[in-house]
Amino acid sequence: MAYLTLRNINKIYPNGFHAVHDFNLEIEKGEFIVFVGPSGCGKSTTLRMIAGLEDISKGEFLIDGQLANQWGPRQRGISMVFQSYALFPNMTVFDNLAFGLNLQGVDEDEIENRVNKTAKILGLTDYLDRMPRALSGGQRQRVAVGRSIIRKVGVFLMDEPLSNLDAKQRVTMRSEITQIHRETGASTIYVTHDQTEAMTMADRIVVMKAGYVQQVGTPREVYFNPRNVFVAGFIGEPPMNFVRLPVKGGKVSMNGQEMDLRKRLGEKIAKYDGKEVIVGFRPEASVPDNGENGENVYRLYGDVELTEMLGDNANVYMNIGPHRVILKVAPDGIPEMDSVYKFMIPVDKVYLFDAETEMVID
Ligand code: ATP
């Protein structure tokens, strides 16, 4: 049985705003779940309902099979790290880490033992006597994480814990948090609006938009099999290219280049002929056109507007007729600006979405 169960969870704030709609999820012991989505989509609200800091308006929340809607935060065995971590400024790192254990009445030897162990995991051993003001932002963030993981709990909740760090520190802390997660064996729910964090850390990702869950899946599933345009565009950097095209005689055409959809759409072709579909392809799906005849490729060309050399690859911004797209190319294959660039997309890497519902057409 799942360790945590969220069944049709809803949040309606006192002002009537419906922030979370019918959220369903089962979380196993030891799983690392990431809630991802743009600002305001309801990630923090859901996390706070799980923590017991916010009432659940409708739905059931179960811990280990027991209805926990009415349980207080302590009873839930959950520990939370907030975005704006508050350390006690007048206490040393040691005392900051020990604070929660002191409150619980844990004996001194045990506190010392656990503080030392936590400090070791987080690389804070040399800083235990320091005051927070004498630490870097990254070190303070570690103390905040440490205050959470020092407690022996079944679930860790983390709300954008890396938001105050610079790019390099984020990368380091990302792997540290996943490692700590593995060592503790607890379930972790991690909230972020950063799709890279979601992709690199999660066992499963929950993609949210405007209070609704859009898709739940492993990083591979949400990347390779997005359910709709929103998920396809949110996961992946640079985002997937989308082009709205009318279907005529079972074909779509971009800049005069045709792609036959009859095989792809099968019987659904009747439904789409004369209507629009959204054609999607990822920047990294393109390959230079080598001139060979290929049955299973969609050949395209366009005008190169701008290129960005990033080191291991380059972004190419181009216009295919009226459609603006981005391609990712190898650094030795960067086309000249203002030139015409010919490329191919393998047809199995072309996604089709219903233009009205924005759902994927399989
Ligand atoms: P962010 O990434 O910006 O933290 P989020 O996805 O965590 O966003 P929430 O903080 O869960 O989003 O907020 C979801 C929605 O609920 C937002 O539109 C927000 O304005 C609204 N909201 C949050 N708290 C309240 C409240 N106390 N009363 C009314 N509406 C609220």
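Note that ligands are numbered from 1 as they come in the structure, with each ligand's atoms numbered from 1 the same way. This is a predicted model, so every value here is computed, not measured.
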Report, in ascending order of atom number, the atoms of ligand 1 lying under 4.0 Å from any heavy atom of [X].
X     : value
Ser44 : 4 (O), 5 (P), 7 (O), 10 (O), 11 (O)
Gly42 : 5 (P), 6 (O), 11 (O), 12 (O), 14 (C)
Phe17 : 15 (C), 16 (O), 18 (O), 21 (C)
Thr45 : 9 (P), 11 (O), 13 (O), 14 (C)
Cys41 : 5 (P), 6 (O), 12 (O)

Is the shortest side-chain N to carboxylate O distance from Glu197 to Arg170 below 4.0 Å? yes
Does the Lys NZ or Arg CZ of Lys209 fall within the cation-pi geometry relative to Tyr212 - under 6.0 Å from the ring centre and within 45° of the axis?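 No, a cation-pi geometry is absent between Lys209 and Tyr212.
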With a cut-off of under 6.0 Å to the ring centre and 45° to the axis, is Arg174 in cation-pi contact with Tyr190?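 Not satisfied by the 6.0 Å and 45° rule.
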Using heavy-atom distances, let me know which of Gly16, Pro38, Pro14, Gly40 sits nearest atom 14 (C) of ligand 1. Gly40
Between Ser39, Gly211, Gly37, flag the one that comes closest to atom 1 (P) of ligand 1 by a heavy atom. Ser39
If we only count heavy atoms from C-beta on, is the Lys251 to Arg262 side-chain gap below 4.5 Å?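 Lys251 reaches Arg262 side chain to side chain.
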Pairwise distance CD(Glu26) to CD(Glu31) - rounded to 0.5 angstrom: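 It is 10.0 Å, given to the nearest 0.5 Å.
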Kindly say whether Lys342 contributes a backbone atom to a donor-acceptor pair with the side chain of Arg299 at under 3.5 angstrom? no
Side chain or backbone of Asn15 under 4.0 Å from ligand 1, or both, or neither, by non-hydrogen atoms?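 The part of Asn15 near ligand 1 is the side chain, not the backbone.
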Proximity to ligand 1 by part of His193, non-hydrogen separation under 4.0 Å: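 Under 4.0 Å from ligand 1, His193 contributes no heavy atoms.
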If the plane angle is over 60° it's perpendicular, under 30° parallel, otherwise tilted; pick one for Phe343 and Phe281.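 Ring orientation of Phe343 relative to Phe281: tilted.
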